[in-house]
K.L.:
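Structure provided below as structure tokens; questions to follow.
Here is the naming used below: chain letters follow the sequence lines, and residue numbers restart at 1 for every chain.
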Amino acid sequence: MNGLSYPDVTTYAVPFFIGLILLELAWIVRKQRKNGYGGRYEMRDALTSLIMGAGSVIAGILLGFITYGFLMFLWRLTPLDLGTSVWVIALCFVLDDLRYYWVHRFGHRIRWVWASHVNHHSSQHYNLTTALRQTWTGTFTFMMIVRAPLILLGFHPAIVLFCGGMNLVYQFWIHTEAITRLPRWFESVMNTPSHHRVHHGRNPRYLDANYAGVFIIWDKMFGTFVPELDSEKPDYGLVHNIGTFNPLRVAFHEWVGIFKDVTQRGLTWRERLLYCFAPPGYSHDGSRDTSEAIKKKHLARHPEDADTVGFKDCGL
Amino acid sequence: MPLEILGPMVVVGIVGIALLLRYLGLAEPFQLTGEHTRTAWLREIPDDVPKQILIASNRENALLKLASGKLGLVHVMGADTMARYLTDATWQHADTALTLKLDDFAAPHFTIALAPQEQAKWASLRDAP
């Protein structure tokens, strides 16, 4: 079954991506003419996001063989083969979403992985073009390792990659402010625009929350779920926003930051390693803030927020 | 999808969306006021309150003197803003523009349209104790 293949759903979805972006834009323009609000677009921001998306596809074409080769290597090792039935694909989709949750969580908690993922959060807008602001350097995070259990359990690499593509396609439509809330049953199980707006928020309350891809249940199970509050609109972007629309700088700025930090004079090897693998915001001299420090400083300024959502177990 | 279809579709899509946004007037830069500048700074660095603010005449950049005594820059990024300390910035003056160079790959330099009189005011705020 080594020759098994499934369609690359992310590329087949490109016409739908373009169509939905135009639809969202038309909706926003119409809404704003009625003095309402349903999101924002800005030309250079959107252009950067779209170029990042195209670059991500090119990076996939150029580097995809590394992940595929690794997964096929594991496939030859495993004695298990679950086959290709619809139920196997459905089970793989759910388990792959659990895989996505952890990769995404690592992406926010390990600077080496954050260096790849940061560009997705570098827009200060939250619209459907933001969904396409994807990494060019994901291969170098080596997070394909997290797919290993699925292959070793007997899911064929082609099925695992197909489910990963479906996962990404699902996540496209949740990058919008045009949809406020969906029915309660849907919000309780699925990742939605509301849940994912929280994930993109740079507000201290919303940092390191809602890592889900398709099913929000993982965040609820692992204690990272924070609901969107009507009283606190997400402020999109990075804690310290970047000052460039240049896609090359967007793609590589955190890698350059790691290199500069690691090559500083006078550091111990432990400190150099921590600059690579500690949570973003780590510094050997305490000159920067991690998300925990940002939350604590916020609570020092706003003690009334203590023990409210997003600030539980903050140590104050 | 074959590359000969995907490639042109992506290029036409990107160019088309960019042109549409420009046509809709969604390419106009944000214009700073004093209150915007203060809010934009505190949004990123809430622990260091602005004491003095000088806004460039094109209202896309502002120089700030902060409570810590450091200098800061608020720069318009399309419809949004970003903030940076200018602690180690290099200042390069030209006839109609000031270029600030930072040791920051994500915010490497800012060329700010400033008349000579404005540049003198910025330098004066920089050198003030």
K.L.:
Which residue out of A:Gly243, A:Ala46, A:Pro15 racks up the most heavy-atom pairs below 4.5 Å with chain B?
P.N.:
A:Gly243
K.L.:
Between B:His75, B:Met82, B:Arg43, which residue shows the highest count of heavy-atom pairs closer than 4.5 Å to chain A?
P.N.:
B:Arg43
K.L.:
Which atoms form the tightest heavy-atom contact between B:Ala106 and A:Thr244, and what is the distance?
P.N.:
O-CG2, 3.4 Å
K.L.:
Pick one of side chain, backbone, both or neither for B:Asp104, based on which atoms fall under 4.5 Å of a heavy atom in chain A.
P.N.:
backbone
K.L.:
Using a 6.0 Å cut-off, check whether atom CZ of B:Arg22 has over 12 heavy atoms from anything other than its own residue.
P.N.:
no
K.L.:
Does B:Asp95, at its CG atom, have more than 12 non-hydrogen atoms belonging to other residues, nucleotides or ligands within less than 6.0 Å?
P.N.:
no
K.L.:
Are the side chains of A:Leu25 and B:Leu24 in touch, meaning some heavy atoms are under 4.5 Å apart?
P.N.:
yes
K.L.:
Picking from B:Ala83, B:Gly78, B:Gly25, B:Ala107, which has the most non-hydrogen pairs under 4.5 angstrom with chain A?
P.N.:
B:Gly78
K.L.:
Test your reading of the model: is there a side-chain donor-acceptor pair from B:Arg84 to the backbone of A:Asn241, 3.5 Å cut-off?
P.N.:
yes
K.L.:
Counting only non-hydrogen atoms closer than 4.5 Å, does B:Ile5 touch chain A with its backbone (N, CA, C, O), its side chain (CB onward), both, or neither?
P.N.:
neither
K.L.:
Non-hydrogen atoms of chain B under 4.5 Å away: do they reach the side chain of A:Leu248, the backbone, both or neither?
P.N.:
backbone
K.L.:
Side chain, backbone, both or neither: which part of A:Tyr236 has a heavy atom under 4.5 Å from chain B?
P.N.:
backbone
K.L.:
Can you establish whether the number of heavy atoms outside B:Asp88 located under 6.0 Å from its atom CG is more than 12?
P.N.:
no
K.L.:
Is it true that, when you exclude A:Lys260 itself, more than 12 heavy atoms of the residues, nucleotides or ligands shown sit nearer than 6.0 Å to its NZ?
P.N.:
yes
K.L.:
Closest heavy-atom contact between B:Met9 and A:Val14?
P.N.:
SD-CG1, 3.7 Å
K.L.:
Please classify the contact between A:Val239 and chain B as side chain, backbone, both or neither, with a heavy-atom cut-off of under 4.5 Å.
P.N.:
backbone
K.L.:
Report the distance from atom CG of B:Asp47 to atom NZ of A:Lys297, rounding to the nearest 0.5 Å.
P.N.:
4.5 Å
K.L.:
So A:His240 and B:Ile45, do their side chains get closer than 4.5 Å, heavy atoms only?
P.N.:
yes
K.L.:
Can you tell me how far the CG atom of B:Leu21 sits from the OH atom of A:Tyr41, to the nearest 0.5 Å?
P.N.:
7.5 Å
K.L.:
Name the region of B:Leu20, side chain, backbone, both or neither, that has any atom closer than 4.5 Å to a heavy atom of chain A.
P.N.:
side chain
K.L.:
Which atoms of A:Arg249 come close to chain B, meaning under 4.5 Å heavy atom to heavy atom: side chain ones, backbone ones, both, or neither?
P.N.:
both
K.L.:
So does B:Lys121 have more than 12 non-hydrogen atoms from other groups sitting under 6.0 Å from NZ?
P.N.:
no
K.L.:
Using a 4.5 angstrom heavy-atom cutoff, name the option from A:His298, A:His253, A:Glu42, A:Arg40 with the most pairs to chain B.
P.N.:
A:Glu42
K.L.:
Could you give the distance from CZ (B:Phe105) to CD1 (A:Ile242), rounded to the nearest 0.5 Å?
P.N.:
10.5 Å
K.L.:
Measure across B:Ile14 and A:Ala54 and return the closest heavy-atom pair with its distance rounded to 0.1 Å.
P.N.:
CD1-CB, 4.1 Å
K.L.:
A side-chain contact here means heavy atoms from C-beta on lying under 4.5 Å apart; do B:Asp80 and A:His125 qualify?
P.N.:
yes
K.L.:
Please classify the contact between A:Val57 and chain B as side chain, backbone, both or neither, with a heavy-atom cut-off of under 4.5 Å.
P.N.:
side chain
K.L.:
Measure A:Phe252 against the heavy atoms of chain B and call it side chain, backbone, both or neither at under 4.5 Å.
P.N.:
both
K.L.:
Is A:Leu50 close to B:Ile17 at the side-chain level, that is, under 4.5 Å between some pair of heavy atoms?
P.N.:
yes
K.L.:
Tell me, side chain or backbone of A:Ile58 under 4.5 Å from chain B's heavy atoms, or both, or neither?
P.N.:
neither
K.L.:
Checking A:Leu22 against chain B: side chain, backbone, both or neither under 4.5 Å from a heavy atom?
P.N.:
side chain
